[in-house]
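A short worksheet on the structure shown next.
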Amino acid sequence: MKARAPSRRTALTALILFIAALVGYFIPLGGIALIGPYLKFLNHIAVYLLIGGYGLLLAAVYIL
């Protein structure tokens with residue numbers, strides 16, 4: 001199976017997931033006024049977003 005470059009949309013989606021997960025993993029977002037409780041959810045699922053973003057990128061390169 002030959003590896004190829006992912007489409008722009010897939011690569012952008014994987015990059016956005018990965019960046020959002022990194023922010024949620026290292027920065028506590030629960031203290032932000034008004035939207036803190038909603039962003040706190042990002043802190044809870046940050047590890048899963050990291051796994052999903054990286055998995056999507058691998059799937060785009062090798063499978064899709």
Side-chain angles (χ1 to χ4, degrees):
M1 185 178 291
K2 184 179 179 183
R4 60 181 180 85
S7 70
R8 287 182 185 218
R9 186 179 313 162
T10 306
L12 183 65
T13 303
L15 183 65
I16 288 172
L17 279 175
F18 195 74
I19 290 172
L22 282 177
V23 168
Y25 190 72
F26 290 111
I27 300 173
L29 299 170
I32 298 174
L34 298 176
I35 58 172
Y38 302 109
L39 291 178
K40 190 175 180 181
F41 180 69
L42 185 63
N43 290 124
H44 291 294
I45 63 167
V47 173
Y48 301 112
L49 286 176
L50 281 170
I51 294 169
Y54 188 68
L56 180 65
L57 188 60
L58 284 177
V61 169
Y62 289 107
I63 297 172
L64 300 177

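No hydrogens, no waters, no symmetry mates; every other heavy atom, side chains included, goes into these values.
Grouping the Ile, Leu, Val, Met, Phe, Trp and Tyr side chains by contacts below 4.5 angstrom, directly or via other members, places L49 apart from I16.
In this structure, the side-chain contact (heavy atoms from CB on, under 4.5 Å) partners of L22, at least two apart in sequence or on a different chain, are F18, F26, L50.
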Pairs of donor and acceptor atoms involving the side chains of residues 32-44, under 3.5 Å and at least two apart or interchain, shall be tabulated with distances.
from: N43; atom 1: OD1; to: L29; atom 2: N; distance (Å): 3.0
from: N43; atom 1: ND2; to: G24; atom 2: O; distance (Å): 2.4
from: N43; atom 1: ND2; to: I27; atom 2: O; distance (Å): 2.9

